[in-house]
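Okay, structure first, notes after.
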Amino acid sequence: MAYAPYSDRPLRHLKIVIAGGFGTGKTTLVGSVSEIEPLRTEETLTAAGTTVDDLAGISAKRATTVALDFGRITFDDLVLYLFGAPGQERFWYLWSDLARGAAGAVVLVDTRRLECSFTAVEWYSSLGLPFVVGANRFPDGYHYTADEIRDALGIAQEIPVVHCDVTRRQSAVQLLITVVEHSLNSRRALESHA
């Protein structure tokens, strides 16, 4: 699937959820690929929130998503609507609504803090929504193999694990291509067993 911002063919639309723990790069991913000005619902982190949000490992973080991020990217005749989910526990109640009608999800993980994405992996697994894991590179992060990440997260071999740097557009685009391909392959496999 090649990236092309415009096409004369009729468009198909897919909703993709960008999920993961607090501070894993969801807002950055949406912003790095969106062909429109992304909608962001970020608020400044305050001292009052330190008793609620765990900033261990992300102490330099200054803002947080409080509802969702939204962006759009077009591939030939396919438009992806990207919905970034907030990562803090106090906003998890939004995940069900954001997942409604989605074709697939990306669960971003920070290899310095894999445990902060366990809940997102469990959540999307329980929904039966096809998802891929994006191992987002941070300068001081650990480089685990895809199999090591699968083992740590307890996910099946058929779930793609993609090493990425969501600050780089092409890396983030490749991650989205992978989730679309995985979603389509999962759907075909279900249809062939029906």
Side-chain angles (χ1 to χ4, degrees), residues 11-46 48-49 51-55 58 61-75 78-110 113-134 136 153-156 159-160 162 164 166 172-173 175-187 190:
L11 298 177
R12 294 177 297 147
H13 304 85
L14 291 178
K15 177 180 180 180
I16 303 294
V17 177
I18 313 299
F22 183 38
T24 57
K26 300 173 297 294
T27 299
T28 302
L29 188 157
V30 173
S32 72
V33 300
S34 184
E35 64 198 16
I36 61 171
E37 182 67 29
L39 168 71
R40 293 187 172 114
T41 60
E42 285 196 306
E43 291 295 330
T44 303
L45 289 169
T46 64
T51 59
V52 180
D53 297 324
D54 182 6
L55 296 176
I58 53 172
K61 190 165 177 57
R62 298 291 173 245
T64 186
T65 300
V66 296
L68 64 98
D69 298 305
F70 176 78
R72 183 188 73 207
I73 183 170
T74 304
F75 295 90
L78 177 64
V79 178
L80 299 185
Y81 295 110
L82 308 174
F83 288 79
Q88 308 95 302
E89 184 175 353
R90 61 190 162 122
F91 298 122
W92 289 350
Y93 69 92
L94 296 169
W95 289 5
S96 292
D97 290 334
L98 290 175
R100 190 170 291 122
V106 171
V107 175
L108 278 183
V109 299
D110 176 347
R113 305 174 301 117
L114 284 173
E115 69 282 354
C116 77
S117 292
F118 289 166
T119 303
V121 167
E122 291 171 4
W123 179 258
Y124 290 98
S125 293
S126 73
L127 290 178
L129 185 65
F131 69 93
V132 302
V133 171
N136 193 13
L153 297 175
I155 58 174
I159 296 174
V162 178
C164 58
V166 300
V173 164
L175 181 60
L176 294 174
I177 290 170
T178 303
V179 72
V180 169
E181 289 173 344
H182 180 62
S183 176
L184 294 174
N185 290 337
S186 297
R187 183 175 300 239
L190 283 174

Taking the side chain as C-beta and beyond, is there a heavy-atom pair between [X] and [Y] under 4.5 Å?
X    : Y    : value
V173 : F75  : yes
I18  : T24  : no
F118 : L153 : yes
N185 : P130 : no
L82  : L176 : yes

What is the distance from atom CG of L14 to atom CD1 of I73, rounded to the nearest 0.5 Å? 12.5 Å
Value for CG (L78) from NE2 (H13), rounded to nearest 0.5 Å, stands at 9.0 Å
How close do [X] and [Y] get, counting heavy atoms only, and between which atoms?
X    : Y    : value
A172 : L29  : CB-CG, 4.3 Å
G71  : V30  : N-CG1, 3.7 Å
G25  : N136 : CA-ND2, 3.9 Å
G134 : L175 : CA-CD1, 3.9 Å
L127 : A99  : CD1-CB, 3.8 Å
H182 : I159 : CE1-CA, 4.4 Å

Side chain to side chain contact (heavy atoms under 4.5 Å, CB included) partners of T178, counting only residues at least two apart: V132, P160, V162, Q174
Those residues at least two apart in sequence (or on a different chain) that pass side chain to side chain contact (heavy atoms under 4.5 Å, CB included) with L114 are V109, Y144, A152
Check: [X] side chain, [Y] main-chain N or O, donor-acceptor pair, under 3.5 Å:
X    : Y    : result
T28  : V166 : no
S117 : D110 : no
S183 : V179 : no
S125 : V121 : yes
R113 : F22  : yes
D69  : K26  : no
S126 : W123 : yes

Measure up the F70 and F83 rings against each other and bin them: parallel (under 30°), tilted (30 to 60°), perpendicular (over 60°). perpendicular
